[in-house]
Each structure stands twice: as structure tokens, then as C-alpha cells.
Amino acid sequence: MSLLVKICGLNAVESLDAALACGADMIGLVFFPRSPRHVSVAAAKGLRQHVRGRAEVVALTVDADDALIDAICAEVRPDWLQLHGQESGGRLAALRARCRVRSMKALGIAAAADLAAAAAFTAADRLLLDAKPPQDATRPGGNGARFDWRLIAAAELPPFMLSGGLTAANVAEAIAEVGGHGSFVGVDVSSGVEAAPGVKDPVLIEAFIRAARSARPMRKDKVA
């Protein structure tokens, strides 16, 4: 399977068009009021219609209640639910069955021990490995921080995407480091393609996707 590129936190037609024109495989819509990338269900419905099947749509929530999940699934009809809070494996399985869409669970990583949490999410179709947020952070992701990608090499993981502090300048390095892992499927970026928090830059989006597509992983023995 070819490398997947996800542009997350899109909240305007102009930046959505830029991501689609450059060939993004997945676009992320954030439903979390404390994020500068937050969109309402009504606004997300319009953005979803604008995609017109050109990419998969991911709805990112943080410890959302059933009412919000139901509204997102009914009005936006995402291809994926991305859970970026403290949701348990049981909660993930219940939402996956409730909405009948694929699920992605974000895990905050700072040390090798954090990767052990993957075992609790066997119901997830995919993991998103992100940098663990600082203690004073107001949101669990989109903080522009990276973690030590070398931690992934020996971990047994289901299919996963890499996130956290990625930019056009370092995405090739990241792919070279983790691309040999048998479960690695793609990269995810949000703040790394922004001119300001919540404001995506079409030039940075294009540069990121170009750099990701041209990157070459260092092949390693499969460890997962």
C-alpha cells in the first residue's frame, strides 16, 4: 500500500481545496471547541460535501458524548472517527459499532512504555501515534511537538499513522526512520502546515505532501 497523507484541522474551503489539489488521502475535521481548528457540525457538513469523494474524511473528537457523535455521524457522515481523548478500548468499540465507521485511536507517546497502551485498542482499525502533550496543554494534539521516532522500531503495533511535530522539513526524516516498520501506513500533519494556529497555508500543505511523497523509508526487518 502506498503512503497515506492526512491533513488535519481543516476549517476553510480554501485550505481544503489546497489539500485536495495536492493529493491528500485523508482530511481531518476537528470537533473540539478548545482547538483553534474547531468546526461546528453545520460547517463540517458543508466541507464534507465539498470533498465529493476525493479523499477520506476523518472526524476528530475528544471525549465526545453520544449526542455529538450521533450528530457528526448523521450530518457529516465521516469515513473515520478519530478519538483523541481518554477514551477506553471499550468506548472505542462501542462507538465503532454505533456509527458503523472505521475508527482511529490517538496515543500520546513520550517513552517506550506509552506504546504498550496500543494493546487496549484491538477494536481500532488504526492508531495515530502523536507526541504526548505538555502538562499545561489545552488540547491533546496539534501542539507542534514531536517524540523520539526511534521508540517505534521494536514495538508490536497494528496499522498506524505518525503524527506530532511533522513539517515539510522533517517528514522525509520521519518516514526514513519509521517507514520500515511493517505496520506503518502514513503521516498526519496539522500545525506543521499552518501560518498561524488554525490557519492553514496552501504553500506549506503543498510542500508537506510533496516531501512526504518523495521520501524513502529505510527498510528494516519487520517487527510487527
Side-chain angles (χ1 to χ4, degrees), residues 1-32 35-62 69 71-84 95-96 99-106 124-130 141-142 158-164 166-168 171-172 174-175 179 183-195 198-215:
M1 182 177 65
S2 61
L3 178 79
L4 298 175
V5 178
K6 174 172 173 272
I7 308 296
C8 197
L10 293 162
N11 54 16
V13 169
E14 295 77 13
S15 54
L16 177 61
D17 279 340
L20 294 172
C22 294
D25 301 290
M26 309 176 80
I27 63 103
L29 305 176
V30 176
F31 300 88
F32 186 54
S35 170
R37 304 161 189 103
H38 170 70
V39 291
S40 66
V41 171
K45 183 178 180 179
L47 293 172
R48 175 68 167 102
Q49 293 170 342
H50 198 70
V51 174
R52 295 191 298 273
R54 291 182 285 170
E56 292 186 315
V57 174
V58 181
L60 186 159
T61 65
V62 181
I69 294 290
I72 291 170
C73 290
E75 297 297 324
V76 183
R77 301 181 67 84
D79 300 291
W80 292 78
L81 284 179
Q82 179 178 323
L83 306 183
H84 218 111
L95 290 178
R96 187 174 185 272
C99 298
R100 298 186 179 182
V101 297
R102 287 168 289 179
S103 62
M104 188 183 317
K105 181 67 178 86
D125 296 284
R126 190 175 295 167
L127 296 180
L128 182 76
L129 304 184
D130 197 358
F160 71 90
M161 300 186 79
L162 182 68
S163 187
L166 295 178
T167 67
V171 67
I175 293 169
S183 297
F184 174 65
V185 298
V187 291
D188 171 279
V189 67
S190 185
S191 61
V193 291
E194 290 182 342
V199 181
K200 293 292 187 288
D201 185 326
V203 173
L204 294 178
I205 291 173
E206 180 182 6
F208 182 88
I209 295 177
R210 188 188 323 114
R213 297 291 187 212
S214 62

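Not counting sequence neighbours, the partners of A212 by the side-chain contact (heavy atoms from CB on, under 4.5 Å) test are L3, V5, V171, I175, V187. Taking R210 as the reference, E206 meet the salt bridge (charged side-chain N to carboxylate O under 4.0 Å, His left out) condition, with sequence neighbours excluded. Judged as a salt bridge (charged side-chain N to carboxylate O under 4.0 Å, His left out), and not counting sequence neighbours, the contacts of D125 are R96. Listed by chain and number, the residues in a salt bridge (charged side-chain N to carboxylate O under 4.0 Å, His left out) with R77 amount to none (sequence neighbours excluded). Evaluation of the ring pair (Phe, Tyr, Trp, His ring centres under 6.0 Å) rule for F208 yields no partner, not counting sequence neighbours. Annotation: side-chain contact (heavy atoms from CB on, under 4.5 Å) contacts of D79 (sequence neighbours excluded): R48, E56, V57, R102.
For the pair M26/M104, a side-chain contact is recorded, criterion being any heavy-atom separation below 4.5 Å from C-beta on. The shortest distance between side-chain heavy atoms of L127 and P159 does not fall below 4.5 Å. When side chains are defined from C-beta on, K6 counts as touching Q82, because their heavy atoms get closer than 4.5 Å.
Shown are V76, L16, L10; of these, the side chain to side chain contact (heavy atoms under 4.5 Å, CB included) with L47 is made only by L16. The only option from V58, I27, D188, L128 that meets the side chain to side chain contact (heavy atoms under 4.5 Å, CB included) definition with C8 turns out to be D188. Under the side chain to side chain contact (heavy atoms under 4.5 Å, CB included) rule, I72 has a single partner from L29, T61, L60, which is T61.
Closest of all the heavy-atom pairs between A215 and A172 is CB-CA, 3.7 Å. Between V39 and F31, the shortest heavy-atom contact is O-CD2, 3.5 Å. Here the closest heavy-atom approach between residue S15 and residue N11 is recorded as OG-N, 4.3 Å. Across all their heavy atoms, L166 and L162 have their closest contact at CD1-O, 3.4 Å. Considering every non-hydrogen atom in both P202 and A18, the closest pair reads CB-CB, 3.7 Å. Here the closest non-hydrogen pair linking F32 and H38 is N-ND1, 3.0 Å.
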Start with the C-alpha gap between V13 and H50, add the side-chain angles, then the distance that decides, and say whether side chain to side chain contact (heavy atoms under 4.5 Å, CB included) holds.
-> CA-CA 8 Å; V13 169; H50 198 70; 3.5 Å; yes
Side chain to side chain contact (heavy atoms under 4.5 Å, CB included) between L4 and R126, intermediate numbers included = CA-CA 12 Å; L4 298 175; R126 190 175 295 167; 3.5 Å; yes
Check step by step if salt bridge (charged side-chain N to carboxylate O under 4.0 Å, His left out) holds for K200 and E14.
-> CA-CA 9 Å; K200 293 292 187 288; E14 295 77 13; over 6 Å; no
Could you please spell out the steps behind the side chain to side chain contact (heavy atoms under 4.5 Å, CB included) verdict for L95 and S103?
-> CA-CA 8 Å; L95 290 178; S103 62; over 6 Å; no
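Once rounded to the nearest 0.5 Å, the distance linking SG of C99 with CG of L81 reads 5.0 Å.
Other residues, nucleotides and ligands contribute over 12 non-hydrogen atoms within 6.0 Å of the CZ atom of R52.
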